[in-house]
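Following: one structure in structure tokens, then a few remarks.
Chain identifiers are assigned alphabetically (A, B, ...) following the order of the sequence lines, protein sequences preceding nucleic acid strands; residue numbering begins at 1 within each chain. FYI, side chains are in, hydrogens and waters are out, and symmetry mates aren't considered; it's all heavy atoms of this structure. Keep in mind it's a predicted model, so treat the numbers as computed, not measured.
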Number of protein chains: 2
Amino acid sequence: MDGRARWQVVYNELHTLIEEGKYAPGEQLPPERELVERFGFSRATIRTALTRLEQAGLVYAGAGSVGRTVRRPLEIHFDASKFEVGAYKDDEVRGVDQWLSNVEEQGWEGRQVVTVTTRSAPQQVARWLAVEPGTRLVRRRRVRMVRKPPGVEWIPVMLADSWFPEDVAHRKVDGIAPLLEERDITMPGGIIRSIGIRQVKFVDEIRSRMPADDERSLLALPTGTPVGEHARIGIDEHGRRIRVLASVFAGDKQYVRYELPVAQPEAEVKSA
Amino acid sequence: MDGRARWQVVYNELHTLIEEGKYAPGEQLPPERELVERFGFSRATIRTALTRLEQAGLVYAGAGSVGRTVRRPLEIHFDASKFEVGAYKDDEVRGVDQWLSNVEEQGWEGRQVVTVTTRSAPQQVARWLAVEPGTRLVRRRRVRMVRKPPGVEWIPVMLADSWFPEDVAHRKVDGIAPLLEERDITMPGGIIRSIGIRQVKFVDEIRSRMPADDERSLLALPTGTPVGEHARIGIDEHGRRIRVLASVFAGDKQYVRYELPVAQPEAEVKSA
DNA sequence: ACGGATTTGTGCGTATGTATA
DNA sequence: CTATACATACGCACAAATCCG
């Protein structure tokens, strides 16, 4: 052991080669067998190096002839300051979902699958909505997928769960409760507004964590990929927390973006 | 092999026990030797389970007789919508750093160490500032630490790097260039304003990723901890990107928060 | 449809190094 | 200094997934 561990030598070398583009995105790394020969280390040692590369998000692996493949960065972003806050006016008239607009603006085709269930509030959701853990809530889950160009397979990129207190979820307009519908619904002015609720403030929380098992499988995340979590809490004029939209996205594929005007100190005007 | 892998059995059991609080934060997991006995699996198998628990952010490990410890969540947040955007005006008069105010508001004691260097722009920073990769830039790095209560050791929680084009960094006020000073400087109205630059817009980007090696050591991150990255790009009235503040924080310790007022639709179809 | 070849996944046993109390 | 506990490393075997002929 000369200062560094053996697996670190392998790790560093491969890391450099990938960064330099010697192994390009979409390409395969040499199989373990070959690396064992090249470095003269045991398979176990080579494997810890490769495992760390996966954890670092540089490659993903699959048994069989997929081998280890260098990841292709996606880099979609999600404009949280425009979303629901006043932009995308045209889309609401057209009846297009704002997330879709946002994605299409970046040249992707988007799609989402909606499921609605009633379940008791997990710890974190209870905190967001300021209710007791275990309270019955309605969860409206959207699995969001993109592809480019049209025709290739869909890549799941986001898991967007809206949670509502039951009384909110069951509100009706024109005889139906839109929040309970298991399809991609849009309403002029937004669904929430259509059922007579006015949100006056959002509180957004963004954190970085490792995914739960169900998130890993739904988003098809390779082992070791972190996720970002963007929670938007909607608050009405009475200060009640009406809903929370918790979006979980693959850290290597998406990021969240805000645009903020800066309030100028003296006699300046805000650039709304 | 009963459907699941052996290490998964161990993983799931420990995961459950930790979630239920049977192993509380700060407590130690049983040593590997004991788990080998309890489950009747080999040490290697137990180890893969434990490694995954680390990756999942539930425990951290250290060689020696420390063993594996269940993580204690910190949960500090960082109010990005108030930061620099007009709140905390009093502090600027008082000359207190805004990050410090934010942290102290949550009952922590804060401290930061500043270092200034000139270096060529990394890929990502170049993209943020819209300059060529390799351009010489000034980096003002702040390692931010907290502790509670006063007296215990400092916990590094954030790495805040401000990057400036050289001409911006060298601007002077009262004969000194405040951005090049290696100490915790505050100016009424903010440092940037004090050197005659007006930022009119911020663009924030937040992403989740695995830390680079230097970030891991500076933030004392256990293996497998993801980081959040919050980048704030400041844009002046000519549309020039004046600086970027890239903050990297441990995903398990901090999160970013925004408060957004909702634009209300008065007359008809307008916003949501 | 099937079977073989390739490649990663899982698992065992063992030994030695290194950090910490 | 010693005991403990994790980190690294070797070798071996078989299972499971994938692709291709």
Side-chain angles (χ1 to χ4, degrees), chain A residues 1-14 23 26-56 58-71 153 213 216-217 220-225, chain B residues 1-14 23 26-56 58-71 153 213 216-217 220-225:
Chain A
M1 248 55 53
D2 41 77
R4 263 206 301 277
R6 292 192 168 179
W7 67 262
Q8 285 253 0
V9 176
V10 181
Y11 177 91
N12 288 337
E13 167 138 1
L14 293 176
Y23 295 120
E27 238 177 81
Q28 310 254 325
L29 286 193
E32 296 176 3
R33 180 187 46 72
E34 205 174 307
L35 293 172
V36 167
E37 280 176 31
R38 196 204 298 182
F39 287 94
F41 302 154
S42 78
R43 185 172 166 223
T45 307
I46 298 292
R47 270 183 71 76
T48 54
L50 290 169
T51 304
R52 306 285 173 137
L53 279 176
E54 274 175 53
Q55 288 172 26
L58 291 175
V59 300
Y60 61 88
S65 46
V66 272
R68 278 191 175 80
T69 313
V70 178
R71 269 207 197 152
E153 359 66 84
D213 284 342
R216 260 241 317 284
S217 63
L221 297 175
T223 317
T225 312
Chain B
M1 241 62 50
D2 42 75
R4 266 205 303 273
R6 291 193 170 181
W7 67 262
Q8 287 249 357
V9 175
V10 181
Y11 176 92
N12 288 336
E13 168 136 3
L14 293 176
Y23 296 120
E27 239 178 81
Q28 309 256 325
L29 286 193
E32 297 177 1
R33 181 188 46 72
E34 204 173 307
L35 293 171
V36 167
E37 279 175 30
R38 196 205 299 182
F39 287 95
F41 302 152
S42 80
R43 182 164 171 234
T45 306
I46 298 290
R47 268 183 73 74
T48 55
L50 291 170
T51 304
R52 306 286 174 138
L53 279 176
E54 275 175 49
Q55 288 171 28
L58 292 174
V59 301
Y60 59 89
S65 47
V66 272
R68 276 188 176 80
T69 314
V70 178
R71 277 214 187 141
E153 1 66 87
D213 283 342
R216 261 241 316 284
S217 63
L221 296 175
T223 316
T225 313

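Each of A/Leu29, A/Thr69, A/Leu14 was compared with A/Val59 under the side chain to side chain contact (heavy atoms under 4.5 Å, CB included) criterion, and only A/Leu29 meets it.
The side-chain hydrogen bond (donor to acceptor under 3.5 Å, both in side chains) check on A/Arg33 picks up nothing, with sequence neighbours excluded. Annotation: side-chain contact (heavy atoms from CB on, under 4.5 Å) contacts of B/Thr45 (sequence neighbours excluded): B/Arg6, B/Trp7, B/Phe41, B/Ser42. Taking the side-chain hydrogen bond (donor to acceptor under 3.5 Å, both in side chains) definition, one finds that A/Arg38 meets it with A/Tyr23, sequence neighbours left out. Judged as a side-chain contact (heavy atoms from CB on, under 4.5 Å), and not counting sequence neighbours, the contacts of A/Glu34 are A/Pro30, A/Pro31.
Between B/Trp7 atom CH2 and C/dC12 atom C1' there is a gap of 17 Å when expressed in whole angstrom units. Spacing between atom CD of B/Gln8 and atom C1' of C/dG9 amounts to 12 Å, rounded to whole angstrom units. The separation between B/Leu29 atom CG and D/dC6 atom C1' is 13 Å, rounded to whole Å. The distance between atom OH of A/Tyr11 and atom C1' of D/dT8, rounded to the nearest whole Å, is 17 Å. What separates CZ of A/Arg6 from C1' of D/dC10 is a distance of 9 Å, to the nearest Å. D/dA5 atom C1' lies 10 Å from atom CD of B/Gln28, rounded to whole Å.
Of the residues in residues 32-48 of chain A, those lying under 4.0 Å from DNA chain D by heavy-atom distance are A/Phe41, A/Ser42, A/Arg43, A/Ala44, A/Thr45.
You'll find the side chain of B/Leu35 reaches within 4.5 Å of the side chain of B/Leu50, heavy atoms only. Here the side chains of A/Asn12 and A/Gln8 are in contact, with some heavy-atom distance below 4.5 Å.
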Polar pairs (N or O, both sides) under 3.5 Å between protein and nucleotides 19-21 of chain D?
{"residue": "D/dC19", "atom": "O4'", "partner": "A/Ser65", "partner atom": "OG", "Å": "2.7"}

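Here A/Arg52 reaches the OP1 or OP2 of D/dT8: one of its side-chain N or O atoms lies under 4.0 Å away. Contact between the side-chain N/O atoms of B/Arg68 and the OP1/OP2 oxygens of D/dA7 is found at a separation under 4.0 Å.
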